[in-house]
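Inspection log for the structure reproduced underneath, given as structure tokens.
In what follows, chains are A, B, ... by sequence order, proteins preceding strands, each numbered from 1.
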Amino acid sequence: MLKVSEDPIDASALLKAFETEAAGAGAIVSFSGIVRSKATSGGVEHLFLQAYSPMTEDGIQAAMDEAQSRWPIVNALVQHRVGEIKAGETIVFVATASAHRRASFEAADFLMDYLKTKAVFWKREKTDRGDAWIEPGDSDYADAERWR
Amino acid sequence: MLKVSEDPIDASALLKAFETEAAGAGAIVSFSGIVRSKATSGGVEHLFLQAYSPMTEDGIQAAMDEAQSRWPIVNALVQHRVGEIKAGETIVFVATASAHRRASFEAADFLMDYLKTKAVFWKREKTDRGDAWIEPGDSDYADAERWR
Amino acid sequence: MAKLLYFGRLSDITGAAEESLTLPDTISTAGELRHFLDLRFDAQGALLEPTVRIAVNNELCFDATSISETDEIAFMPPVGGG
Amino acid sequence: MAKLLYFGRLSDITGAAEESLTLPDTISTAGELRHFLDLRFDAQGALLEPTVRIAVNNELCFDATSISETDEIAFMPPVGGG
């Protein structure tokens, strides 16, 4: 299940629905990415996320397909927000389900690395000191390199 | 937050409460372990989990403290069931929160490896072919070795 | 006219996220368009950075890729969500 | 009397998860109790396996650890939850 939208993300509700969808799995891992109020410079009021459809969705779907081929996961879910997202709100939710825990952990980790460094989004941070476009950092790229 | 009890585990509700508790964190990872209906031999009706209090709780708390000292996590939650747990029910829920995702992923992974191989629980599987005590497998021990 | 999209920080330079442009006769590839636009917006090389990728009709392309009046051409600085 | 606890598969051998026992005079360490019980239950070495750990009053101990009548002594086969 993949959704890129301006709708708020309710991680708890998504996890509940995912549990039903993944019935029979033994291990579910979820990741919630939340907009922090502390940024590189000053306090964050909100982020603005821009996507380019359908390239954004196609790329995430391809990453989900790759995860399914690399690990024996039975279900995967990615929901990502675009538009204006306030500090404290959830920007991304990923869940993976498999028979055993290792596949779920690794697939969720892999999907997040994709989303942070390769997914087609542009991110603008509005802080009390002004606006700035944020691009992935070195640690994000290093994380993503682990799966090559 | 640590709880070992016969109470059913509602992962979705626990995630919601954890999000509130971990306000300010940028990354939350959760893990749900669910009793699978397929076992080594035959169909599983239920598991029976035995603990030894307070040794069980003390050991998990020590693992949570170790996780807090190894990774910059701001919150951690472990809830584990004991007693009879039916196929499809959640046996364990772990959640971790941190500023950045790597710490949350690794701390949750570490806690699950502890719970699978070192936490003071004994597990009995009731299948359609009878009962059997289950001890950790080689892959569980290999996973746990990663943190030494 | 070709539809041009400028994503992320590039829209700060171009002043708009989107425009329609009649391609000059001298321009037949994505790379030629990139140079033309960098001069037109006085972008001082921002559009020429190798990390800025170009997509034609939703497919990433090389600078040598041919473009035409009916294309949607997107200029994409480094991406990342989450 | 000492309180003895048999966890996991050991309770299948001992027939009970718990019992109270007046320690024989000949037994002063956890290791001696382990051997005594293995014979008493005809456990054929199941209680002697090195993977079976002993805890005295909630603390893991060595076979050489002294035990007394007021102790709670637990026999613990390999553990694992989740």
Side-chain angles (χ1 to χ4, degrees), chain A residues 2 4-5 9 31-36 47-60 62-63 78-83 85 90-94 108-125 130-141 143-144, chain C residues 1-21 23 29-31 33-34 37-38 41-68 70-82:
Chain A
L2 165 62
V4 174
S5 126
I9 290 179
F31 178 86
S32 308
I34 299 147
V35 178
R36 291 192 305 143
L47 292 185
F48 179 78
L49 261 281
Q50 198 177 30
Y52 180 26
S53 294
M55 192 185 272
T56 302
E57 288 85 351
D58 290 350
I60 299 173
V78 172
Q79 188 159 336
H80 205 296
R81 274 187 81 174
V82 290
I85 309 158
T90 299
I91 178 170
V92 61
F93 181 79
V94 165
D109 199 1
F110 168 84
L111 287 171
M112 276 313 304
D113 283 345
Y114 173 83
L115 289 163
K116 280 277 182 181
T117 60
K118 294 183 188 150
V120 178
F121 291 106
W122 295 273
K123 200 190 301 193
R124 191 178 176 87
E125 207 172 65
D131 287 27
W133 290 97
I134 307 294
E135 292 174 4
D138 287 345
S139 74
D140 292 314
Y141 286 124
D143 281 349
Chain C
M1 291 201 291
K3 183 175 173 189
L4 305 187
L5 304 174
Y6 306 106
F7 284 103
R9 60 178 151 81
L10 298 181
S11 60
D12 292 350
I13 293 167
T14 61
E18 193 174 327
E19 65 169 330
S20 291
L21 182 78
L23 297 177
T29 68
L33 178 61
R34 188 202 277 266
L37 293 170
D38 194 73
F41 289 116
D42 191 22
Q44 315 210 1
L47 279 160
L48 306 180
E49 289 173 18
T51 58
V52 171
R53 296 180 296 175
I54 304 177
V56 174
N57 302 325
N58 267 282
E59 301 272 344
L60 289 180
C61 74
F62 294 101
D63 277 17
T65 301
S66 295
I67 53 173
S68 77
T70 55
D71 289 336
E72 176 176 292
I73 304 164
F75 290 85
M76 304 167 48
V79 296

task = Measure distances from A/Ala51 to the heavy atoms of chain C and classify the residue's part below 4.5 Å as side chain, backbone, both or neither.
result = backbone

key: Contact summary for C/Met76 and A/Val120, nearest pair of heavy atoms   = CE-CG1, 4.0 Å

note = Between A/Lys123 and C/Gly81 the two heavy atoms that sit nearest each other are NZ-O, 3.2 Å

ask   = Under a 4.5 Å heavy-atom cut-off, does chain C meet the side chain of A/Ser53, its backbone, both or neither?
value = backbone

key: Atom of C/Asp38, atom of C/Leu47 and distance for their closest heavy-atom approach   = OD1-N, 3.0 Å

remark   = Turns out that what part of A/Tyr52 lies under 4.5 Å from chain C's heavy atoms comes down to both

note = Of A/Asp140, A/Val92, A/Leu115, the largest count of non-hydrogen pairs under 4.5 angstrom with chain C goes to A/Leu115

inquiry  = Less than 4.5 Å to any heavy atom of chain C: does that hold for the side chain of A/Lys118, its backbone, both, or neither?
reply    = backbone

ask   = Hey, is the main chain of C/Gly8 close enough, under 3.5 Å, to the side chain of A/Gln50 for a donor-acceptor pair?
value = yes

Residues C/Asp63, C/Arg34: salt bridge by 4.0 Å N-O rule = yes

task = Go through A/Met112, A/His80, A/Lys116 and name the one with the most non-hydrogen pairs under 4.5 angstrom from chain C.
result = A/Lys116

